[in-house]
Chemist: 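Would you mind keeping the following structure in view while I ask a few things?
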Protein chains: 2
Amino acid sequence: MIDLEESVKNIGILKKYTKDEILFNAQENANGFYYVQSGEIRVYKMDENGREVEVVRLEPGDFLGEAIVFVSSRFPFFAQAVKDSNVLFFEKKTILRKIESDPSAAKFFVNLLAKKCLVLNKRIESLGLQTVRQRLIQHMLSHCRGNEQCVIELKMKKSELAKILGTISETLSRNLKQMQEEGLIEVKGSRIRITNCPVLRSELSP
Amino acid sequence: MIDLEESVKNIGILKKYTKDEILFNAQENANGFYYVQSGEIRVYKMDENGREVEVVRLEPGDFLGEAIVFVSSRFPFFAQAVKDSNVLFFEKKTILRKIESDPSAAKFFVNLLAKKCLVLNKRIESLGLQTVRQRLIQHMLSHCRGNEQCVIELKMKKSELAKILGTISETLSRNLKQMQEEGLIEVKGSRIRITNCPVLRSELSP
DNA sequence: AGATATCCTTGACTTAAGTCAAAAAAAGAT
DNA sequence: ATCTTTTTTTGACTTAAGTCAAGGATATCT
């Protein structure tokens, strides 16, 4: 979740998408990037068998394609609105001109991309964790603010969470069940309540 | 491997390090980033048991800390020269001033960070691959230029490559042996010769 | 509501990969 | 060189996680 600064916001073009509408297809020219103001956007790829594989789900405050635009020219994925959504579109040409003319915009984008790098690095470290259980814990903790207790509302299918954790739904299901039996969490549908964050945290650095 | 453009190069301060010399320690203030001109730099962390875990090894043309500087203030790792090395140091203040005054420098850094994001994304995809074998193949292929045959010179201990692939040295060793028995590669010490890239490539997208 | 499809869970089984321990090989030191 | 230390390889074993298949549970549609 990142707030846009005014000078940047002004050059964005508001686009409205209705539920299920496609923002763009894979291989389309990336002549700009997106910023989600409201609603929800699903980003996905196609696997070998033509099945859709979700890459990430975007919420208000999220960017899409901000790195690609500055390097290559084609999107490697599809994007589709899950709900009616308001999205700001930043045209490549406009952005580049803005960066040249407005140092604060330049700094904004440098900072934006730098932050993204750090997030990706964290993710890499996380995937380096040995067990699915550890990666699951890490994921859950990253979604709660260090409190004793907290509730996580999954914004995606469990099978998609599994993918993100580098595993499959069956294994995720078993891990959740196991942790529930241990009294560490309570799972009800797509809501997970962590009964004791510190205990979970201690499992990550033993 | 990224070339510096002249306008950027000029604001770098040349620093010379001799073999084994420390560039900085973890937790030190990140008041600038580095660019390797010659030599070799080892980047590592300490694990719980106080053992050094290599994160990456840098060669000429590589940057270090370029994302951290623009966001947070402390290095999360150590850096040490493996050989005598020439390194350019870019001071945070100087860089920010440059970005403000020189649009081409601003674009350079935006592009630099954007590229880094894409590299990290690739790495994440790669770690998402199921088997160690697949990740190993992906790693080897990324180090050869699409030729029929090619030779890879490992710049690190095999145990460190294992870490990067998200596994352990024993498993890496067994995979290398297996692939050698299948006639796909030839391993001699830290030199791997791929006898047929296309065949390997086909294993990644079956 | 009922019907259809999708998703989640569970069980039985297989396999990949981790652990521990020891030998072999390679790299450093004297 | 020879001795010492560190890495790498190998073997025997254990365990985590994947596969396949079936039953439940939710969601979605008309």
Side-chain angles (χ1 to χ4, degrees), chain A residues 19-20 40 42 44 47-54 57 82-83 127-139 152-182 185-192 203 206, chain B residues 19-20 40 42 44 47 49-54 57 82-83 126-139 152-182 185-192 203 206:
Chain A
K19 183 168 151 48
D20 296 337
E40 195 172 337
R42 194 171 74 95
Y44 60 96
D47 71 5
E48 322 80 54
N49 315 312
R51 287 157 62 120
E52 299 179 356
V53 182
E54 187 158 320
R57 188 156 286 216
V82 178
K83 311 172 181 168
L127 283 170
L129 291 172
Q130 307 82 326
T131 66
V132 169
R133 180 176 172 121
Q134 284 176 307
R135 301 199 290 271
L136 172 57
I137 290 175
Q138 169 121 337
H139 182 268
I152 300 158
E153 182 67 37
L154 295 180
K155 305 281 171 118
M156 58 190 111
K157 289 183 281 190
K158 292 215 178 102
S159 56
E160 276 156 5
L161 173 58
K163 271 234 157 246
I164 287 174
L165 297 178
T167 184
I168 58 176
S169 55
E170 292 96 320
T171 301
L172 171 60
S173 185
R174 284 171 185 132
N175 271 275
L176 285 171
K177 192 189 179 193
Q178 172 71 22
M179 293 175 69
Q180 191 159 20
E181 280 167 2
E182 291 171 22
I185 58 176
E186 286 164 26
V187 186
K188 266 182 199 136
S190 61
R191 169 170 292 130
I192 301 174
E203 261 196 56
Chain B
K19 182 166 151 51
D20 297 336
E40 195 172 337
R42 194 171 75 94
Y44 60 97
D47 71 5
N49 315 312
R51 288 157 62 120
E52 299 181 356
V53 182
E54 186 157 321
R57 189 157 285 217
V82 177
K83 311 172 182 169
S126 168
L127 283 171
L129 291 172
Q130 307 80 329
T131 65
V132 169
R133 179 176 173 121
Q134 285 176 306
R135 301 198 292 270
L136 172 57
I137 290 176
Q138 168 120 338
H139 182 269
I152 300 158
E153 182 66 37
L154 295 180
K155 306 282 171 117
M156 58 189 110
K157 289 185 281 190
K158 291 212 178 108
S159 55
E160 276 156 6
L161 172 58
K163 270 233 157 246
I164 287 175
L165 297 177
T167 183
I168 57 176
S169 55
E170 292 95 318
T171 301
L172 172 60
S173 183
R174 284 171 184 132
N175 271 275
L176 285 171
K177 191 190 179 193
Q178 171 71 21
M179 294 175 68
Q180 191 160 19
E181 279 166 3
E182 291 171 22
I185 60 176
E186 286 164 26
V187 186
K188 268 182 199 133
S190 62
R191 169 170 291 130
I192 302 175
E203 261 196 57

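Every chain is numbered from 1, with letters handed out A, B, ... down the list of sequences.
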Chemist: For B:R191, which residues count as a salt bridge (Lys or Arg N to Asp or Glu O under 4.0 Å) partner, sequence neighbours excluded?
Modeler: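 With neighbours one apart ignored, the set is B:E153.
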Chemist: How does DNA chain C read in dot-bracket, base by base from 5' to 3', with Watson-Crick or G-U pairs under 3.5 Å and | used when the partner is on another strand?
Modeler: ||||||..||||||||||||||||||||||
Chemist: Check nucleotides 16-20 of chain C for protein N or O atoms closer than 3.5 Å to its own N or O atoms and list the pairs.
Modeler:
| unit_1 | atom_1 | unit_2 | atom_2 | d |
| --- | --- | --- | --- | --- |
| C:dA17 | OP1 | B:V132 | N | 2.5 |
| C:dG18 | OP2 | B:T167 | OG1 | 2.4 |
| C:dG18 | OP2 | B:T171 | OG1 | 2.8 |
| C:dT19 | O4 | B:R174 | NH1 | 3.4 |
| C:dC20 | N4 | B:E170 | OE2 | 3.4 |

Chemist: In chain order, what residues pass the side-chain hydrogen bond (donor to acceptor under 3.5 Å, both in side chains) check against B:E40, with sequence neighbours excluded?
Modeler: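 Residues passing side-chain hydrogen bond (donor to acceptor under 3.5 Å, both in side chains) with B:E40: B:R57, B:K83.
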Chemist: Could you list the residues that satisfy side-chain hydrogen bond (donor to acceptor under 3.5 Å, both in side chains) with B:E170, not counting sequence neighbours?
Modeler: none
Chemist: Looking at residues at least two apart in the chain, or sitting in another chain, which of them share a side-chain contact (heavy atoms from CB on, under 4.5 Å) with A:T167?
Modeler: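 So A:T167 forms a side-chain contact (heavy atoms from CB on, under 4.5 Å) with A:V132, A:A162, A:L165, A:T171.
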Chemist: Taking only residues two or more places apart in sequence, or in another chain, which ones meet A:E186 in a salt bridge (Lys or Arg N to Asp or Glu O under 4.0 Å)?
Modeler: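 Checked A:E186 against salt bridge (Lys or Arg N to Asp or Glu O under 4.0 Å); matches are A:R193.
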Chemist: Which residue pairs pass the side chain to side chain donor-acceptor pair (under 3.5 Å) test when at least one of the two sits in residues 154-163 of chain B, sequence neighbours left out?
Modeler: B:E59-B:K155
Chemist: Using a cutoff of under 3.5 Å, can you pull out all pairs of nitrogen or oxygen atoms linking the protein to nucleotides 6-8 of chain D, with atom names and distances?
Modeler:
| unit_1 | atom_1 | unit_2 | atom_2 | d |
| --- | --- | --- | --- | --- |
| D:dT7 | OP1 | B:K157 | NZ | 2.5 |
| D:dT8 | OP1 | B:K158 | N | 2.7 |
| D:dT8 | OP2 | B:S159 | N | 3.1 |
| D:dT8 | OP2 | B:S159 | OG | 3.2 |

Chemist: Of all residues at least two apart in sequence or in a different chain, which pass the salt bridge (Lys or Arg N to Asp or Glu O under 4.0 Å) check with B:R135?
Modeler: none
Chemist: Just to verify, what does A:K19 make a salt bridge (Lys or Arg N to Asp or Glu O under 4.0 Å) with, not counting sequence neighbours?
Modeler: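 Per chain and number, A:K19 pairs via salt bridge (Lys or Arg N to Asp or Glu O under 4.0 Å) with no residue.
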Chemist: Quick one: what's the B/S/- string for nucleotides 24-30 of chain C, heavy-atom cutoff under 4.0 Å, read 5' to 3'?
Modeler: -------
